[in-house]
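Shown next, in structure tokens, is the structure this report addresses.
Remember, it's 1-based here, ligands and their atoms both numbered in the order they're listed.
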Amino acid sequence: MERKTIYNPDSKESLNDRRVFGGNSDGMINFTRMKYLWALNLWDTMEANTWFPREVQMTADAKDYKFLTPAEKRMYDLVLSQLIFMDSLQTNNLMDNINPYITAPEINACLSRQSYEEANHSKSYAVMVESISDNTDLIYDMWKTDIKLREKNTYIAEVYKNLSGEIDDTKIVLALFANQILEGLYFYAGFAAIYALGKSGKMLGSSQMIRFIQRDEVTHLLLFQNMINSVRKERPELFTEELEIEVRAMFRKAVELEASWGSYITQGQILGFTDAIIKQYIEYLADRRLEAVGYKPEYNVKHPIPWVDGYASFNDQRTNFFEGNVVNYSKGSIDFDDF
Ligand SMILES: [Fe+2]
Ligand SMILES: [Fe+2]
């Protein structure tokens, strides 16, 4: 498949003929005339979610960090290090591997906003790392010394690599699923780990930062789920039994990887997290993601730690994380039903 033509004045493509990929649009980002209205809704939500990492108060975290147990410290460092990798990867992956093949200008706009947000997440990790450590390289370089971290990063990067290069229709659909999995599964053990610290009253600035990040990730997840669902309508012939088998295998592998990562970072030392709970949580998330794109759930398990969702929500009045003027930037919301 060819990369899209960026400026395409000879295009005769009608709005109705516009395609998520494989189309021939004129390339104009025209927010007054779009086919995919969900893209406009997402854009508006992303815009309302705008936030600035520097404005999250981290001074208390700098003190808290010194008093974390060795197990908590290890977990915190590993989580940050892994998140740093994923947002770095995703910033580039979106622009270099996905966007060149997406032929709906309104979706290109959302992808470019998403790519900026992933870089903004990298900025937030820098704020966190700088506030807790004088030697920032220790966390940034952990992948060089921690074999398990290196393995997780390498596996995820390999999946992306295999889905880039020579692209065909099936490959691009699989790449959409790979992104759905990254946005919807691979961040979640790490997020829950930071929330677990927050729940016990530690590292509240970090929790707040992660909530902002997670709110962005929800829109990223919706972006890919909406792309998948639109392609399912446009190109139903691509959604074969073989594709479903492959997608389920990708999900099972991702659940295995994320659950084992969750066990590795917590090592049975973090209150409220057993290996079984972590695994069930990731399985539960995988089921929701599968259902969101029209597939039956794989695991059929209940949410084992519903407090995480309440904790991650900006609407939860019981938690009190708003400090300084951060509250000014929390006007966006996340609601899966809106799309
Ligand atoms: Fe991100
Ligand atoms: Fe993301």
Q: Output the atom name for the N/O/S atom of Glu217 with the smallest distance to the Fe ion (ligand 1).
A: OE2

(Q) Need the atom name: nearest N/O/S atom of Glu118 to the Fe ion (ligand 1). (A) OE1

Q. Could you walk me through whether Tyr195 and Trp307 pass the ring-ring contact (aromatic ring centres under 6.0 Å, His included) check?
A. CA-CA 10 Å; Tyr195 293 146; Trp307 66 263; 7.4 Å; no

Q | N, O or S atom within His220 nearest to the Fe ion (ligand 2), by name | A | ND1

Q: Specify which N/O/S atom of Glu183 comes nearest to the Fe ion (ligand 2), by atom name.
A: OE1

Q | Tyr284 six-ring face occupied by Arg288 cation (under 6.0 Å, within 45°) | A | yes

Q. Hey, is the Fe ion (ligand 1) within less than 2.8 Å of some N/O/S atom on His121?
A. yes

Q.
Under 2.8 Å from the Fe ion (ligand 1), can any N, O or S atom of Asp87 be found?
A. yes

Q) If two hydrophobic side chains count as joined below 4.5 Å and joins carry through other members, does Leu185 share a cluster with Leu290? A) yes

**Q.** Side chain Ser124, main chain Pro53, donor-acceptor under 3.5 Å
**A.** no

Q. Does the side chain to side chain contact (heavy atoms under 4.5 Å, CB included) test come out yes or no for Val255 and Tyr299, once each step is laid out?
A. CA-CA 10 Å; Val255 166; Tyr299 302 97; 3.5 Å; yes

